[in-house]
Amino acid sequence: MSNTRVTVPGRKRLMRVPDAWKNPLAISGTVIVVLWLLVTVFAPWLAPFDPLAQESARLLAPNGTNWFGTDALGRDVFSRVIAGTRTSIPVAMILVVISLLFGTVLGAVAGFLGTAVDEVIMRVTDVVLAFPSIILAMVIAAALGPSLMNAVIALLLVSWPQYTRISRSLVISLRSSEFVIAGRLMGSGVFTSLRRDIAPNVASPMLVLAAADFGSAILLLSGLSFLGLGAVPPAPEWGSMVSDGTSNFSAWWIAAFPGLAIFTIVVGVNFMGDAMRDALDPRSNGRLS
Amino acid sequence: MARTADGLVLDQVSATHHQRGGGTLTAVDAVSLTVAPGEVVGLVGESGCGKSTLAKLICGLQPGFTGAASFNGIPIRPLTLARRPSELLRIQMVFQNPYASLNPRRRVGAQIEDARRINPGTAASVVDLLDQVELPATAANSFPHQFSGGQRQRIAIARAVATGPTLLIGDEPIASLDASLQSKIARLMRELAREVGASLLFISHDLSVVRLIADRVVVMNRGRVVESGVTEELWANPTDACTRRLLDSIPIADGLGRLPHFEG
């Protein structure tokens, strides 16, 4: 158990910001992501208009009232971009968390048990990974019919194998490492060994992978919606809004603003992921000497 | 057959490794060896002579060995997915690579604490254990990466001692350390082993360090025991060519700048 810390006078403070978070990219990434999260939480209060109501003139260019203009049906693009956070961000989070947990546990089981279990699990992941993920997701989503739920199911089915592969290889290399063996020699059972020695060393690379994957989950989700396989109109969703814009190229604002929203959050999340990778490496901060 | 005070008894044990391409390599070939309670035995030999395989075998990390191996009368069984049998927990190992033998994500104190928990008697406190290996009490709150190789090896030794071992195995514990530290760490292991009443099987390829700490030396070559005897006798009159080769490989600080010479 880790709560057996010995208290010794003069120990360093633990809760300090690691250096990895102190570079401009990490800070800007974090600021962008936090802003988007705030928008997600306060979306109904931030949107000046009802995202579904057709209350303005059609195809208005950005102006003082409709900051991002209006779309072909006279809906306010600004309100729709803000309302879109409530689709993309929580759904992408759920997607990443589920595939992270499922993929990691499956990979750990395969790596730890080896033999036939490993063979079966890895051949299934090979099959899934053999298809380009967006195309496989399109096929599955198309087969299930267009709806946000089906898009999520399709993306879940294609996104777990990458976690499985990495967690398996981490567990295999850890299983034979000397500190894990030392733990076993001191009487740790399989579960203690997994919890105490293996899991903490698998968790941080997996979290970094998940952070990076959050950006691509948003992209894939918007991609499916863009193709008409995800969110169903008139629901405000960034991908389907970009798709709306393609039929009105002269009204650039319809596609540009949701596109910019996707772009900023993906970039922000990726910068954060890099900082997270550096910060979670215990060797990167707080060296003695 | 063996009584409880017999210590470690290996009788004609052999272990083979399967190589890529279907061949097998007999790493340990019909080795018989005893380590009596409280005894310090040095096991020396060149690289690849089977020393480490033998160490693994004793710890139960070598599945599928043949021959009889027992510890205080309890047969040594290879470790499976099940918990290690509690009677065999008294055999503990200090590994070669101090950079790999400590969990990088747990504090040193917690790792020693885990080891203390399996001590059948009353284990010394973490702070005392750290003190015994000449580390400050504050080390308990640090992570392994904050220490040098020598310090980590001390932590690994403190952890092994915390378990209350009756047989401590050092698998080349000094091989990755600076020359100036080697004899110091070796002596420390001997002292601590004696203090807790454990016997020590100290594996090394460096006969000059083993000579400093071992009561008895066993020389291995190509998986077999080629010579064994009381340290000083073996040092003075090596009978086997392999032992002589190991002795000849010790550099002599005589100011002549000679390199150790090798035969064959």
Side-chain angles (χ1 to χ4, degrees), chain A residues 1-14 18 109 111-115 117 170-171 173-207 279-289, chain B residues 56 59-61 79-86 88-119 125-127 130 136-148 151 156 159-160 162-163 165 169 171:
Chain A
M1 302 252 171
S2 52
N3 57 2
T4 51
R5 211 169 275 163
V6 179
T7 38
V8 179
R11 85 173 206 232
K12 285 188 173 178
R13 267 183 62 77
L14 300 171
V109 168
F112 201 86
L113 296 180
T115 64
V117 180
L170 286 170
V171 168
S173 72
L174 282 168
R175 195 184 53 175
S176 56
S177 68
E178 290 186 347
F179 72 88
V180 175
I181 291 173
R184 299 291 325 273
L185 289 183
M186 294 193 297
S188 299
V190 170
F191 289 105
T192 314
S193 184
L194 273 171
R195 179 175 53 79
R196 190 189 274 169
D197 290 331
I198 294 179
N201 288 288
V202 171
S204 49
M206 298 312 293
L207 283 177
L280 283 174
D281 183 349
R283 279 151 286 225
S284 73
N285 52 66
R287 225 169 243 285
L288 279 186
S289 80
Chain B
K56 282 189 186 153
C59 290
L61 299 172
L79 192 62
T80 57
L81 282 178
R83 222 174 264 273
R84 196 169 179 224
S86 57
L88 294 175
L89 291 178
R90 304 279 75 78
I91 306 176
Q92 286 294 330
M93 173 129 112
V94 174
F95 292 86
Q96 174 172 359
N97 183 357
Y99 291 89
S101 62
L102 300 170
N103 186 340
R105 289 189 181 274
R106 301 196 74 216
R107 283 167 208 281
V108 166
Q111 300 196 43
I112 296 176
E113 192 64 52
D114 294 340
R116 287 182 74 232
R117 210 161 285 138
I118 64 161
N119 193 317
S125 70
V126 172
V127 173
L130 286 169
T138 47
N141 287 315
S142 305
F143 286 99
H145 68 89
Q146 295 169 307
F147 297 95
S148 69
Q151 289 171 321
R159 181 178 62 176
T163 63
I169 297 170
D171 181 14

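These figures come from a predicted structure and were not determined experimentally.
- Interface remark: Leu61(B) contributes side-chain atoms only to the contact with chain A (heavy atom separation under 4.5 Å).
- No part of Ser148(B) comes within reach of chain A, as not one of its non-hydrogen atoms sits under 4.5 angstrom from that chain.
- To the nearest 0.5 Å, atoms CZ (Arg84(B)) and CG (Leu185(A)) are separated by 4.5 Å.
- Of all the heavy atoms in Ser188(A) and Arg83(B), the pair that sits closest is C-CG, 4.3 Å.
- Interface remark: of the candidates Leu113(A), Val180(A), Leu174(A), Val190(A), Val190(A) forms the most heavy-atom pairs closer than 4.5 Å to chain B.
- Contacts of Leu79(B) with chain A are made by side-chain atoms alone, with heavy-atom separations under 4.5 Å and no backbone atom involved.
- Separating the CZ atom in Arg184(A) from the CG atom in Leu81(B) is a distance of 6.5 Å, to the nearest 0.5 Å.
- Ranked by heavy-atom pairs under 4.5 Å with chain B, the first of Gly187(A), Gly183(A), Ser177(A) is Gly187(A).
- The two atoms that bring Leu102(B) and Phe179(A) nearest to each other are C-CB, 3.5 Å, heavy atoms only.
- In this structure, chain A has heavy atoms under 4.5 Å from both the backbone and the side chain of Ser101(B).
- For chain B, no part of Ser193(A) is nearby; none of its heavy atoms comes within less than 4.5 Å.
- Contacts of Ala100(B) with chain A are made by both backbone and side-chain atoms, with heavy-atom separations under 4.5 Å.
- In this structure, CG in Asn97(B) is found 5.5 Å from CD in Glu178(A), a value given to the nearest 0.5 Å.
- The residue among Gln96(B), Arg159(B), Gln111(B) with the most heavy atom pairs within less than 4.5 Å of chain A is Arg159(B).
- The closest donor-acceptor contact from the side chain of Arg105(B) to the backbone of Arg196(A) lies at 3.5 Å or more, if one exists at all.
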